[in-house]
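Only one structure is covered here, and it is reproduced in the block below.
Quick caveat, the model's predicted, so the values are computed rather than measured.
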Amino acid sequence: MHKYILKRLLMLIPVVIGVTFIVFFIMAMTPGDPARTILGETAPQESVDALREELGLNDPIPVRYLNYMKDLLRGDLGESYRSKTPVIKEIMSLYPATLKLAFWGMVFAVVLSIPIGIISATRQYSVLDNVSMVFALLGVATPNFWLGLMLIIIFALNLGVLPSGGDRDGWLSLILPVITLGTGCMASITRTTRSSMLEVIRQDYIRTAKAKGVSKKKVINVHALKNALIPVVTVIGLQFGALLGGAVLTETVFSWPGLGSYLINSIKSQDTPAVLGCVIVFSISFSIVNLIVDILYAYIDPRIKSKYK
């Protein structure tokens, strides 16, 4: 297990190199001048040229990339073009807010989706099953930003019971963005739970347990659910990683002070170090979540644990 974990952690190196290479060259080829964007359209050309020289923008793109990677090897993500503040400092101050939003979005999704998926599977083709699947389909198809705007119009503007954005109202500020972020995730987990449970409850050992007189509740919760969890855990892990990246739009809609809003503003101002820093953090976070999911497999199914030995 330790060797496997070490191997997966070492695989982060090519992942980081790959994403930084792609994003750096995309940002470098984007039309516009970061120096002009920072100083404004009315700034004299002399000031723009001086800032370009200061930021190293006059160097060839490959040279700038190599310089960035040298700094990255030392743990330096560079300084933001806009604020002149180390990117790592800004990211560390904003990342907890994004992580908090993604965590509660996942809690919201899991708490609702797994019970609904189990009930739908045990009552296949019932009214409840059909209704839950319709809502799951709508949840997958509904864009986060549209749902967020609708929730703001209904609960913040019309009813006035919840804040429309920001984080000034404590846990009340979390309700609308958490629902927005977790709805699509909840729909995917519900569908996966249902299909996985349907496959498991048709197995011979489930019929045997029923024939022995084991209660239906115990058959579902003890025998079926544990064996149906592996694909569900896979989806939860992938969805949580997606929530961290998907929080970009949700944070923008609700003015949430997290890494997503910071990334959007950095892209607008062509702040390459800030954009690269955000992408690196998201990539590492996604990889670590996947590693945790793989480790959880070993505890859910002992047969998988034996493969790591």
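Atom SG in C278 sits 9.0 Å away from atom CG in D271 (nearest 0.5 Å). Within the model, atoms CG of L149 and CG of L157 stand 10.0 Å from one another, a figure rounded to the nearest 0.5 Å. Atom CG of L112 and atom SG of C185 lie 11.0 Å apart (nearest 0.5 Å). Between atom CD1 of residue I280 and atom CD1 of residue I17 there is a gap of 10.5 Å, rounded to the nearest 0.5 Å. To the nearest 0.5 Å, atoms OG1 (T190) and CD1 (I118) are separated by 10.5 Å. To the nearest 0.5 Å, the span separating CD1 on I22 from OG1 on T20 amounts to 8.5 Å.
Counting non-hydrogen atoms of other residues, nucleotides and ligands closer than 6.0 Å to CZ of F21 gives a total of 12 or fewer. Heavy-atom neighbours of M150 CE from other residues, nucleotides or ligands within 6.0 Å: above the threshold of 12. For E53, the CD atom is loosely surrounded, since the number of other residues' heavy atoms within 6.0 Å does not exceed 12. Within 6.0 Å of OH on Y95 lie more than 12 heavy atoms contributed by other residues, nucleotides or ligands.
Considering all non-hydrogen atoms of both residues, A28 and I61 come closest at CB-CD1, 3.7 Å. Minimum heavy-atom separation, A97 to W256: O-NE1, 3.1 Å. Between F286 and L238, the shortest heavy-atom distance links the atoms CE1-O, 3.7 Å. In terms of heavy atoms, I189 sits closest to V110 at CD1-CG2, 4.2 Å. In terms of heavy-atom proximity, F108 sits nearest to V178 at CB-CG1, 3.8 Å. E199 approaches Q203 most closely through the heavy-atom pair O-NE2, 3.1 Å.
Under a hydrophobic clustering in which Ile, Leu, Val, Met, Phe, Trp and Tyr are joined whenever their side-chain heavy atoms come within less than 4.5 Å, directly or via other members, L243 and I175 fall into the same cluster. Under the 4.5 Å side-chain contact rule for hydrophobic residues, M29 and L66 do not share a cluster. Residues I288 and V15 fall into different hydrophobic clusters, defined by Ile, Leu, Val, Met, Phe, Trp and Tyr side chains chained together at heavy-atom separations under 4.5 Å. In this structure, I116 is not a member of the same hydrophobic cluster as I119, with clusters built from ILVMFWY side-chain heavy atoms closer than 4.5 Å. If you chain together hydrophobic residues whose side chains sit under 4.5 Å apart, I114 and L137 never meet in one group.
Looking at P273 and L77, their side chains never come closer than 4.5 Å, going by heavy atoms from C-beta outward. A heavy-atom distance below 4.5 Å is not found between the side chains of D76 and L72. Proximity of L259 to F282: side-chain heavy atoms (C-beta onward) are separated by under 4.5 Å at one or more points. Between Q239 and S188 the shortest side-chain heavy-atom distance falls below 4.5 Å. In this structure, the side chains of R64 and L57 come closer than 4.5 Å at one or more pairs of heavy atoms. The shortest distance between side-chain heavy atoms of T142 and T183 does not fall below 4.5 Å.
The closest side-chain donor-acceptor pair between Q45 and R36 falls under 3.5 angstrom. Of the N and O atoms on the side chains of S113 and R191, not one donor lies less than 3.5 Å from an acceptor on the other residue. A donor atom on one side chain and an acceptor atom on the other are not found under 3.5 Å apart for S173 and D167. Checked by atom type, the side-chain pair S132/S120 shows a donor-acceptor distance below 3.5 Å.
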Practice item. Kindly determine whether M106 and I236 satisfy side-chain contact (heavy atoms from CB on, under 4.5 Å), including the steps that lead there. Key: CA-CA 8 Å; M106 180 55 65; I236 290 174; 3.8 Å; yes
Review point. When you look at Q270 and V275, which way does the side-chain contact (heavy atoms from CB on, under 4.5 Å) test go after all the steps?
Key: CA-CA 8 Å; Q270 295 181 296; V275 174; over 6 Å; no
Exercise for review: Kindly determine whether S287 and M11 satisfy side-chain contact (heavy atoms from CB on, under 4.5 Å), including the steps that lead there.
Suggested key: CA-CA 9 Å; S287 299; M11 287 175 63; over 6 Å; no
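Using a 4.0 Å cut-off between charged nitrogen and carboxylate oxygen, K84 and E54 count as a salt-bridge pair. A salt bridge links R74 with D71: the closest approach of a Lys/Arg side-chain nitrogen to an acidic carboxylate oxygen falls below 4.0 angstrom.
Judged by distance alone, the side chain of E251 and the main-chain N or O of S261 form a donor-acceptor pair under 3.5 Å. T193 contributes no side-chain N or O that, together with a main-chain N or O of G117, makes up a donor-acceptor pair within less than 3.5 Å. Looking only at distances, a side-chain donor or acceptor of T85 sits under 3.5 Å from a matching main-chain atom of S83. In this structure, the side chain of W104 does not engage the main chain of L174 through any donor-acceptor pair within 3.5 Å. Side-chain atoms of R194 never come within 3.5 Å of backbone atoms of A121 as a donor-acceptor pair (strictly under, hydrogens ignored). Side chain of N67 to backbone of V63: a donor-acceptor contact under 3.5 angstrom is found.
Between Y68 and F24, the ring planes are tilted. Angles from 30° to 60° get that label.
Of the candidates W146, F254, F145, F254 is the only one forming a side-chain contact (heavy atoms from CB on, under 4.5 Å) with T180.
Taking the side chain to side chain contact (heavy atoms under 4.5 Å, CB included) definition, one finds that S126 meets it with R123, L128, D129, sequence neighbours left out.
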